[in-house]
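Let me begin by presenting the structure, written as structure tokens, before commenting on it.
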Amino acid sequence: MSHSITDATLRQKTIAGTLVILYASITMVPLLWIFMTGFKTPPDSISYPPKIVYQPSLEGYVNLFTTRTRVSPEKLAELPPPKNFAEEIVRNREMVIAGPSKFGERFLNSIIIGFGSTFLSIFLGTLAAYAFSRFSIPLADDLLFFILSTRMMPPIAVAIPIFLMYRQLGLSDTHLGMILLYTAVNISLAVWLLKGFIDEIPREYEEAALIDGYTRFQAFYKVVLPQAATGIASTAIFCLIFAWNEYAFAVLLTSGTAQTAPPFIPTIIGVGGLDWPAVAAGATLFLLPVMIFTVMLRKHLLRGITFGAVRK
Amino acid sequence: MAEIVIENLCKRFGAFTAVKESSFTIEDGEFFMLLGPSGCGKTTTLRMIAGLEIPSGGKIYLDGEEISRRPPSQRDIAFVFQMFALYPHLNVRKNIGYPLASQGMKRRERTAKILEVAKILGIEDILDHPVSGLSGGDRQRVALGRAIVRNPKAFMMDEPLGALDAEFRERMALELRALHDRMGATTVYVTHDQLEAMQMGDKIVVMNNAVVEQFGTPKEIYEKPESLFVADFIGSPSMNFLDVDGAIAEGQSQVSVKGIPIAVPQQHESAAGDVILGIRPEHIRFSDRANPSARVCAIEYLGTTQVITLQSDAGSIKARVDSSQSVEIGERVGLEFESCRISLFSSATGKVLRSALHGRTQDG
Ligand SMILES: Nc1ncnc2c1ncn2[C@@H]1O[C@H](COP(=O)(O)OP(=O)(O)O)[C@@H](O)[C@H]1O
Ligand SMILES: [Mg+2]
């Protein structure tokens, strides 16, 4: 805890507060705009001047999750009454729902690949970081540098070789392929970040556990891991954000079964004109998992590392 | 309970030698002190006994069994860390119970055992507190609790009072010693504080620069230092050292310092090179006719005694005399050395020369 020597005056507080709120508003406006657009009708979304007050509609979300076909008004009149709100919205545009769109599937792909690779990166990264931190490994510094160097190349530079390699191995457009790829990219970050965190945990904790009759692995699992929770949480967030947002590899290596949301969302734009509410709805939903994950782990991020029991 | 024998123990970290050829024996039930300046290898020695460090050479016996390569969990030795190393994510009760949980002890038994230990240490009322908010003394007690709860064969304590305030140290030192006397378990205690070692220990090993300088009771170490280092390190103020003129022959019982003759215990060993005479401040008396004569430079009043700094013909000397003796700065006095207490050291080897005071063998 640090305290300034004098308390801020009310005026200073007001100025600081205003600046923070102003900055927050500026950064939040685009997000808010996307969120709002998701609930507009297509005409509202492109009206000029832009509408701030409007009748909210779920049309964007319906369009996002469905494919539709246009029908003539006569045919429309012959159909039985709409079974749910989605059909009603679609029929107002003289269309019927032809089936589900690919968005749900792509979103699920993103979740599987994002969280799968995050888990794998953290799992392997923690073990490697612990080893680097605690044991004397021959050429440890060179190995660490080598691990970091895998991160230095831009994805685009290695995309073609990986594409060719994946085709040979039958890994292109598979979940496993994408999980392995994102893990390979993230693991350097994970090892480096986690090594820093684990270095900060005094060895005495594990040694106390060894003395208390536990094995090295039990000591790692029961004593080091709880201490490293903060580091693991923040590293996991970084890994997930990368895997979740990754575009270049995804575009090149996935097209169908394993396609993630980032390369999919732009394709919505092409379907049936500029359907901005559907794009905005997709973007909104796409933002949610990382936000929820971060909020869930926030407690660990803010808690700080409790070194309270060891006097430094 | 346990007897620990250390034989030619070595530890190297790469090219650096942290512990060199150390040998000593810790008898069953002893409160054993490992004393030496910072960085001399005390912690490393203790960690090797506990199994946290694998020796580069030598052997460790616990009750006759060679244990130097066993993992710590198979040695049944408890360790109290310098910084306590309480598990920060567990409360006091769980910290104390942790060694029992690893043994698979039943919850009921565990609860009873923890309570019993907490009572001994007087910490029953903080059992459910998190360890992060505890005072230094309570942390110390929890760390001790974790060590004694499993009834180990021996305790290793690495400067356990080092992290406490001065006033608290003394109380905790008494508590520790009382706890030891009550349980009678072999305890190895590391400290760099010679006073603490003298006060608390049954036996002391003095280490310096990775080697064992001397091993014995506090009295032996104080009265018969085996080396210049031990003589200088133990005692406050430390021993006076004066350069002896010329060499020493066997059977000699008088030396001269800057031409002044001084009686010494009969020597059993000759020495060719430079020799240093050592005498403790309390073995010097003032006597008008005695030689060397000296001038009083400073007086340090310590209650029952006073330490007088003197400039003598033989060099700078400190004497500890009774406070009732009146001494003035600038006064000239004669110094009388208690000759049977004098040690002679070879300057080349730093070792004591055998004499009537220092018998032939070290622990004889
Ligand atoms: N793991 C280690 N690697 C390298 N050097 C070490 C290691 N542990 C201790 N040392 C060195 O060994 C010497 C003795 O250390 P230590 O036993 O901790 O001394 P003490 O406890 O007497 O202060 C020190 O110089 C220290 O730097
Ligand atoms: Mg130490």
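Reckoned from all heavy atoms, side chains included, excluding hydrogens, waters and symmetry mates. All of these numbers come straight from a predicted model, not from anything done at the bench.
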- Who among A:Q218, A:R216, A:R203, A:K222 has the most heavy-atom pairs with chain B under 4.5 Å? A:K222
- Task: Measure B:F79 against the heavy atoms of chain A and call it side chain, backbone, both or neither at under 4.5 Å.
- Result: both
- Contacting region of B:R75 [heavy-atom separation from chain A under 4.5 Å]: neither
- Task: Return yes when atom CZ of A:F238 has more than 12 non-hydrogen atoms of other residues, nucleotides or ligands closer than 6.0 Å, and no otherwise.
- Result: no
- Message: Between B:Y98 (side chain only) and A:A209 (backbone N and O only), is there a donor and an acceptor less than 3.5 Å apart?
- Response: no
- Query: What distance do B:Y87 atom OH and A:E206 atom CD have between them, rounded to the nearest 0.5 Å?
  - Reply: 10.0 Å
- Query: Can you name the nearest heavy-atom pair linking B:S73 to A:G213, along with the distance?
  - Reply: CB-CA, 3.7 Å
- Query: Within a reach of under 6.0 Å around CZ of B:F13, are more than 12 heavy atoms found that belong to other residues, nucleotides or ligands?
  - Reply: yes
- Message: Counting only heavy atoms from other residues, nucleotides and ligands, does the tally under 6.0 Å from CZ of A:F35 exceed 12?
- Response: no
- Within a radius of less than 6.0 Å around OH of B:Y61, do more than 12 heavy atoms belonging to other residues, nucleotides or ligands occur? yes
- Task: Might you point out which heavy atoms bring B:R146 and A:D212 nearest each other, and give the distance in Å?
- Result: CD-OD2, 3.4 Å
- Message: Looking at A:Y23, I want to see if its OH is surrounded by more than 12 non-hydrogen atoms of other residues, nucleotides or ligands under 6.0 Å.
- Response: no
- Interchain contact, B:A143 with chain A, by part (heavy-atom threshold 4.5 Å): neither
- Query: Checking B:I77 against chain A: side chain, backbone, both or neither under 4.5 Å from a heavy atom?
  - Reply: backbone
- Message: I need the minimum non-hydrogen distance between B:A85 and A:A208, along with the two atoms involved.
- Response: O-CB, 4.0 Å
- Message: Quick check on A:M152: does its CE atom have over 12 non-hydrogen neighbours (other residues, nucleotides or ligands) under 6.0 Å away?
- Response: yes
- Query: How close do B:R150 and A:I211 get, heavy atom to heavy atom, and via which atoms?
  - Reply: NH1-O, 2.7 Å
- Query: Above 12 or not: heavy atoms from other molecules or residues under 6.0 Å from NZ of B:K20?
  - Reply: no
- Task: Please check if atom CD in B:E170 has more than 12 non-hydrogen atoms from other residues, nucleotides or ligands closer than 6.0 Å.
- Result: no
